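Letters A, B, ... mirror the listed sequences (proteins, then strands); counts begin at 1. A quick note: this is a predicted structure, and the numbers were derived from the prediction, not measured.
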2 protein chains.
Amino acid sequence: MRIGELAARAGVSVRALRYYEEQGLLTSTRSASGQRHYTQHAVERVTFLQRMYEAGLSSRTIAELLPCVDSPSAETSDAALERMAEERDRLSDHIEELIRTRDALDGLMATNRAHRETLRTA
Amino acid sequence: MRIGELAARAGVSVRALRYYEEQGLLTSTRSASGQRHYTQHAVERVTFLQRMYEAGLSSRTIAELLPCVDSPSAETSDAALERMAEERDRLSDHIEELIRTRDALDGLMATNRAHRETLRTA
DNA sequence: CTTGACCCTCACGTGGACGTCAGGTTTTAG
DNA sequence: CTAAAACCTGACGTCCACGTGAGGGTCAAG
């Protein structure tokens, strides 16, 4: 498929796909005229990339993880696996922090609603 | 206390505090010479702001929530409370997404380690 | 009374993941 | 065969939470 279709299927912009390639996160074969072509597999690759971005990883960091994704347990993936474990732990900490933040918001909302009840009863 | 001390206590930069004030998220009294002075309460205010930023809220969004924080159940906080509930839900969804991402990373790591075992045994 | 730490207000710089316009080629539908 | 739609490569624009000087007052200590 061409870049427009991949963009539609993966739910991202064409510009984003070109950017991913520029960052070494996504490869494509080129037709004689220079147009990018992708396989079905590219869709899940892009989904994976989106997931990593959402987790707060930078393009550079994602690039460091890719050997681990593409060729499991190759010699070169030693560092990648370590990096992945590192990012996983960072993500885990972040999740816990966000949960505490959600609790804080819940507390604030409860306080407000309690006050509201007080006013209505008075 | 002055701005330097608040920065140290809250663990943020002096620049950040001035920025928060510029965005209407933090107020200060000024001395005759124009220097900012804060009360103890400012420390927790800044901590709250940091928490909101970490949750992915923008300055504008945080500003919309503040009436709810400052004067619980005032007339003006109706919209604020609704906004807060909205952001809480958004945060909750985000947390779940991050957990799925962590699971994905765990799966990748497991696959890699399994391959590694296979290679060692062979 | 001077030195050094701290404070002030502009105001431009930064990094990252794209958005967007320019100017041109290629593919597809009719 | 033609026009629209889709694609290409630069390259500058955007947003946002600050970082970072520039240039100049302020305050406690010696």
key: Contact letters for nucleotides 21-30 of chain D, in which S counts primed atoms plus P, OP1 and OP2 and B counts the base, heavy atoms under 4.0 Å   = -----SS---
ask   = Between C/dC18 atom C1' and A/Y20 atom OH, what is the distance in whole Å?
value = 8 Å
request  = Check the distance between D/dC18's P and B/L26's CG and give it to me in whole angstrom.
outcome  = 12 Å
inquiry  = So if I take every side-chain heavy atom of B/Y19 and compare against C/dC8, D/dC16, D/dC7, which nucleotide ends up nearest?
reply    = D/dC16
Nearest listed nucleotide, side chain of A/S13, among D/dC7, C/dG19, D/dG19 = C/dG19
message = Rounded to whole Å, how long is the line connecting atom CD of A/E5 with atom P of C/dT28?
response = 12 Å
B/H115 NE2 to B/T111 OG1 distance, which is reported to the nearest 0.5 Å = 6.5 Å
message = For B/R113 and B/M109: C-alpha separation, side-chain torsions, deciding distance, then whether side-chain contact (heavy atoms from CB on, under 4.5 Å) applies.
response = CA-CA 6 Å; B/R113 289 188 174 124; B/M109 289 167 64; 3.5 Å; yes
request  = Have a look at B/E21 and tell me which of B/R36, B/R15, B/R45 forms a salt bridge (Lys or Arg N to Asp or Glu O under 4.0 Å) with it.
outcome  = B/R36
query = Taking for each residue the nucleotide of DNA chain C with the nearest heavy atom, is it B/R36 or A/S59 whose nucleotide lies nearer the 5' end?
reply = B/R36
ask   = If you look at every heavy atom in B/E64 and B/A80, which pair is closest and at what distance?
value = O-CB, 3.3 Å
key: Value in whole Å for how far the P atom of D/dA17 lies from CG of B/L57   = 10 Å
inquiry  = Within a 6.0 Å radius of atom CD on A/E82, are there more than 12 heavy atoms belonging to other residues, nucleotides or ligands?
reply    = no
query = In whole angstroms, how far is the P atom of D/dC18 from the CD atom of B/E54?
reply = 12 Å
ask   = Phosphate oxygens OP1/OP2 of C/dT26: is one of them under 4.0 Å from a side-chain N or O of A/R30?
value = no
query = Under the 3.5 Å rule, do the base of D/dT20 and the side chain of B/R15 count as making a donor-acceptor pair?
reply = yes
request  = Provide, to the nearest angstrom, the distance between the CD1 atom belonging to B/I3 and the C1' atom belonging to C/dA5.
outcome  = 15 Å
ask   = Under 4.0 Å between a side-chain N or O of A/R18 and OP1 or OP2 of D/dC8?
value = yes
